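I have placed the structure first, in the form of structure tokens, so that the comments after it can refer back to it.
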Amino acid sequence: MILTTTDSFPGRTYEIVGIAKGSTVQTVNAVRDIGASLKTLVGGEIVKYNEMMNTARALATKRMCEDAEEQGADAVICVRYSSASIMQGAAEVMAYGTAIRFIG
């Protein structure tokens, strides 16, 4: 599956298939969440949250690609990500874009 953040695919003729999307809600375990809360006292990067968000983005992207494939798409253009806090230590990540099929 070809993914791009551009709003078109230059040099190829294609048709729009539909919206491709994928999402997940991820959390860190309670012990790590307490550790992350303590980290706010001294500052710095919270590695476990970074890992959680990287995992969430990868899974949301995988699910978006699966959705596009189910629609018969060859690529997804205009790929975007969004995230929202669900509760302390948990976040939803969504990947979405325009699924396209190449012609010829």
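Since the model is a prediction, treat every value here as computed from it, not as a measurement. Only this structure's heavy atoms are used, side chains among them; waters, hydrogens and symmetry mates stay out.
When every heavy atom of M52 is checked against every heavy atom of A91, the shortest pair comes out as CE-CB, 4.3 Å.
Hydrophobic clustering of Ile, Leu, Val, Met, Phe, Trp and Tyr side chains at less than 4.5 Å, counting indirect connections, keeps V93 apart from I86.
Around atom CG of L3, more than 12 heavy atoms belonging to other residues, nucleotides or ligands sit under 6.0 Å away. For CD1 of I16, the number of neighbouring non-hydrogen atoms (other residues, nucleotides, ligands) closer than 6.0 Å is 12 at most.
Taking 4.5 Å as the limit, some side-chain heavy atom of M1 sits within range of a side-chain heavy atom of V76.
Judged as a salt bridge (Lys or Arg N to Asp or Glu O under 4.0 Å), not a single pair has a partner in residues 74-86 (not counting sequence neighbours).
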Identify all side-chain donor-acceptor contacts of residues 62-69 below 3.5 Å with residues at least two apart in sequence or on another chain.
| from | atom 1 | to | atom 2 | distance (Å) |
| --- | --- | --- | --- | --- |
| K62 | NZ | E66 | OE2 | 2.8 |
| R63 | NH1 | S23 | O | 2.8 |
| D67 | OD2 | K21 | N | 3.0 |
| D67 | OD2 | Q71 | NE2 | 3.4 |

Report, one line per pair, each donor and acceptor closer than 3.5 Å where one atom sits in a side chain of residues 53-60; sequence neighbours left out.
| from | atom 1 | to | atom 2 | distance (Å) |
| --- | --- | --- | --- | --- |
| N54 | OD1 | R57 | NH2 | 2.4 |
| N54 | ND2 | N50 | O | 3.4 |
| T55 | OG1 | E51 | O | 3.0 |

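Every residue meeting the side chain to side chain donor-acceptor pair (under 3.5 Å) condition with T6, not counting sequence neighbours, appears here in chain and number order: T4. Evaluation of the side chain to side chain donor-acceptor pair (under 3.5 Å) rule for R12 yields no partner, not counting sequence neighbours.
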Hey, mind stepping through F9 and I100 against side-chain contact (heavy atoms from CB on, under 4.5 Å) and telling me if it holds?
CA-CA 9 Å; F9 202 95; I100 62 171; 4.1 Å; yes
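Y96 belongs to a hydrophobic cluster whose other members, connected by ILVMFWY side-chain contacts under 4.5 Å either directly or through intermediates, are M94.
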